[in-house]
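Structure first, commentary second.
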There are 4 protein chains.
Amino acid sequence: MNEDSKTELTIRQHRGARRRAKTRADLLAAARKVFAKKGYHDASILDITEAADVGVGTFYLHFADKDEAFNTLIDEVFHILEEQVITEVRSHEAITLTVTVHSIFRHAYAQRDLFSIALASGAQVSRTIRVEDTIAGGLIRVFEQVPQPEDLQGYDIQLLARLVTGVIAQGIIWWFDQDEPGPEEMANNVLALLAHGLPASLFTHNN
Amino acid sequence: MNEDSKTELTIRQHRGARRRAKTRADLLAAARKVFAKKGYHDASILDITEAADVGVGTFYLHFADKDEAFNTLIDEVFHILEEQVITEVRSHEAITLTVTVHSIFRHAYAQRDLFSIALASGAQVSRTIRVEDTIAGGLIRVFEQVPQPEDLQGYDIQLLARLVTGVIAQGIIWWFDQDEPGPEEMANNVLALLAHGLPASLFTHNN
Amino acid sequence: MNEDSKTELTIRQHRGARRRAKTRADLLAAARKVFAKKGYHDASILDITEAADVGVGTFYLHFADKDEAFNTLIDEVFHILEEQVITEVRSHEAITLTVTVHSIFRHAYAQRDLFSIALASGAQVSRTIRVEDTIAGGLIRVFEQVPQPEDLQGYDIQLLARLVTGVIAQGIIWWFDQDEPGPEEMANNVLALLAHGLPASLFTHNN
Amino acid sequence: MNEDSKTELTIRQHRGARRRAKTRADLLAAARKVFAKKGYHDASILDITEAADVGVGTFYLHFADKDEAFNTLIDEVFHILEEQVITEVRSHEAITLTVTVHSIFRHAYAQRDLFSIALASGAQVSRTIRVEDTIAGGLIRVFEQVPQPEDLQGYDIQLLARLVTGVIAQGIIWWFDQDEPGPEEMANNVLALLAHGLPASLFTHNN
DNA sequence: AATGAATGAGACTTCATTCAT
DNA sequence: GATGAATGAAGTCTCATTCAT
């Protein structure tokens, strides 16, 4: 084998790899569209491959099954969320809930098609790392860096993180049906609730 | 037809009706077990009828399809929840969140198999009144009876109810995997969060 | 057993027998209505028993299965047809096709709901004596009584009877969709065709 | 993509298409056999796919349901019949019933398995263009070209065509059970009846 | 690597028939 | 004799997955 053919081989492999990557990206984009439109269960492989304009068989060259495609999609979006939130939070002097929550909603809003489907279908998909776990995990990290740890004494951190996750998730699910309010206002609503709680009069007698 | 045969007929009908009611109850109990174990989508009619120890066809004598059985189940539990919560809340001098939340968790804990499945599968079932809607609706009623309405000025009541629902739902979903803490402690955790919010230090700089 | 109870028994049996006969008649009337409306295959036992306002099980006290009910219905109508045609034909001086065909159409028109369904579904029902057989049989009897048997020499009587049956059957099927023309005119049309055939010019060149 | 791979692609497509076409043809042949043997209603999809030696699902790759397969079959045969009869009739100097009837029987005999089933099951299949309609339509066209239209005055052409169709159909149904007589003799029998009618003595008194 | 025809397990649903009351 | 709840065989149809090309 001479230099030339080696080079050619490399190029050919590159071409193949590029093409492969392109097909995979097409499939993921199509999957996202289809999942968002039909929900996890009603989306068929055929729906996805048709949307991606590839043959049915091609799907299986890239994903083992529907679960894997879905999880890949979710993971991808989540890694981006994590990275972005981490970057954004680091650019501030301190990791605060305020910054974190704003960052989460900003990102989630941009990707609300996938997020709402992930939150709605999560429990249906066997192997999925539940979306809530990721959010809860991020919150726990914030909680652990609280300047006065004694403030959280008496709280079950795990449970607390979950409950807060519930508020955030519900905010995202809200966008399932409507686009208003936008991410900043949504974050403000959530933060107001989380910071001060509800009016005391809701908890006590009224006479 | 004489009196005797009339009586006999009545008894006969009663017997038939009783048998029918029993079968229906068996089916609902089986459906509940199966849905809780497999989730809505992976539960098949055959799973349910086998668990109920009746023939496949019998299912269709009582329900039009899987959806109807699921909805019946959910509706049933929800009507009981609503009634119970309303009764319990009324027995107190005032409708407060404290009482409401305790009542919800107490009931939901007792029925946690169904509740977690309802919260997890809700979006999958076409006609279902989403569980969250019911909870949010109840909360709105509480909000509207707040003694000082000015306390809630500036809040979007609908959204607020949803966010609070998120906390409560997440508390119930927590029981999907574990039984601890029990309903009273769970309610206390949730109420603490809702009453005072999180420590201020989580929202501010730490220098 | 004394005379009285014997008498009572007889009466009771009579009552039972009468009731039984009534139920059976109800079922047959219902079956006729349902078959006419839905056709043989789409008619279900439940359809019939509901129309007859009896329990499903009752059907099986009177008929072995759907086939038997259908055949009974057909047979009944046919025996009446046969009897009526025979009586009517006998009242004339000679058995002629003219009289026979008129008689058939008159009777078939009165029962056209059943006849059309019998002619349309006949082949679907396994054991059915095909309606056409009955008609053809009647025709053969007429043919055999022809005053100058030599007139029919060279004909395959069986086949001929069948072909003529085809014309008659088609006349009855015509009433499947419409009620016009009535039986007498229909008979005249058929007889015209059978008596003289079609215009010769249809069979020959036209130059 | 270079010339070579284009060619290859073409071949590949051709291969796939050829396989597909073969499977479809197998299915139609099997359907024909099964329908002829069991009748429309008693033929199941499984019967057909087993006869065609393909998987159940394959059936649905080619036909939406049983109806569509049946109609396809009927349509196919009918188009061939129509074309063939038209061609054959045109090759003669004039369109006469003689030629038409011979042509119909010749073709119907060759396809008698399908024809008898089509004539027997026609009314059972929802969307089917009833076979009789096609025959009657053809006859009407012949009638309309009769050289002396006054010959048909006083006839209801529609009804007449139907009645004649009845004769022809009955001739074809005759072959349901037996193969004799062949098409030419059958046509002669039918034409004899249609040309001259039955002996006058059948219609009149015998003294 | 891509294709798409074929596969068949499995889910749903209907309905003739039985049988305890 | 009448009833109707229950049965389950049998049929329809879908769709994830395979594999020859």
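Throughout, protein chains are lettered first and strands after them, A, B, ... in sequence-line order, and every chain is numbered starting at 1.
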**Prompt:** Does the side chain of Ser44(A) come under 3.5 Å of the side chain of Asp47(A) through a donor N or O and an acceptor N or O?
**Reply:** yes

**Message:** I need the CZ-C1' distance between Arg20(B) and dA20(E), as an integer number of Å.
**Reply:** 17 Å

**Prompt:** With respect to the phosphate group of dG1(F), does any side-chain polar atom (N or O) of His62(C) fall under 4.0 Å of OP1 or OP2?
**Reply:** no

**Prompt:** How is Val54(D) classified with respect to the nucleic acid when contacts are heavy atoms under 4.0 Å: base, sugar-phosphate, or nothing?
**Reply:** sugar-phosphate

**Prompt:** Can Leu114(D) and Phe78(D) be said to form a side-chain contact (heavy atoms from CB on, under 4.5 Å), step by step?
**Reply:** CA-CA 10 Å; Leu114(D) 242 202; Phe78(D) 267 79; over 6 Å; no

**Request:** Find the distance Arg24(A):CZ to dA1(E):P and express it as a whole number of Å.
**Result:** 13 Å

**Prompt:** Regarding Thr23(C) and Asp26(C), is there a side-chain donor-to-acceptor distance under 3.5 Å anywhere?
**Reply:** no

**Request:** Choose from dA5(E), dT17(F), dA16(E) the nucleotide whose nearest atom is closest to any side-chain atom of Tyr60(A).
**Result:** dT17(F)

**Request:** Select from Ala43(C) and Asp53(D) the residue whose nearest nucleotide in DNA chain E is closer to the 5' end of that strand.
**Result:** Asp53(D)

**Message:** Students often get this wrong, so: under 4.0 angstrom with heavy atoms, is Thr23(C) touching a base, only sugar-phosphate, or nothing?
**Reply:** sugar-phosphate

**Complete:** Between Val56(B) and Val56(C), whichever has its closest DNA chain E nucleotide further toward 5' is Val56(B)

**Complete:** To the nearest angstrom, the NZ-C1' distance between Lys66(D) and dG11(F) comes to 9 Å

**Asked** Under 4.0 Å between a side-chain N or O of Arg19(D) and OP1 or OP2 of dA5(E)?
**Response** no

**Request:** Kindly determine whether Phe59(B) and Val54(B) satisfy side-chain contact (heavy atoms from CB on, under 4.5 Å), including the steps that lead there.
**Result:** CA-CA 8 Å; Phe59(B) 180 90; Val54(B) 299; over 6 Å; no

**Prompt:** Taking CD from Glu50(D) and C1' from dT7(E), how many angstroms apart are they, rounded to a whole number?
**Reply:** 14 Å

**Request:** Could you tell me whether Ser44(C) contacts a base, only the sugar-phosphate backbone, or nothing, with contacts defined as non-hydrogen atoms closer than 4.0 Å?
**Result:** sugar-phosphate

**Request:** Name the residue closer to the 5' end of DNA chain F, choosing between Phe59(A) and Phe59(D) according to the nucleotide with the nearest heavy atom.
**Result:** Phe59(D)

**Request:** Specify the separation, in whole Å, of atom CD of Glu68(C) and atom C1' of dT17(E).
**Result:** 14 Å

**Asked** For Ile45(D), which contact category applies under a 4.0 Å heavy-atom criterion: base, sugar-phosphate, or nothing?
**Response** sugar-phosphate

**Item:** Leu27(B) CG - dA5(F) P separation (whole Å)
**Value:** 14 Å

**Request:** Could you state the atom-to-atom distance from NZ of Lys22(D) to P of dG4(E) in whole Å?
**Result:** 22 Å

**Prompt:** Atom CG of Leu46(A) and atom P of dA6(E): how far apart are they, to the nearest Å?
**Reply:** 15 Å

**Prompt:** Which residue lies toward the 5' end of DNA chain F, Ala64(D) or Gly57(C), if each is placed at its nearest nucleotide?
**Reply:** Gly57(C)

**Prompt:** Angle class for the Phe70(D)/Phe35(D) ring planes (parallel below 30°, perpendicular above 60°, tilted otherwise)?
**Reply:** perpendicular

**Request:** Could you let me know what dA20(F) is paired to, Watson-Crick or G-U wobble, both distances under 3.5 Å, or none if it's on its own?
**Result:** dT3(E)

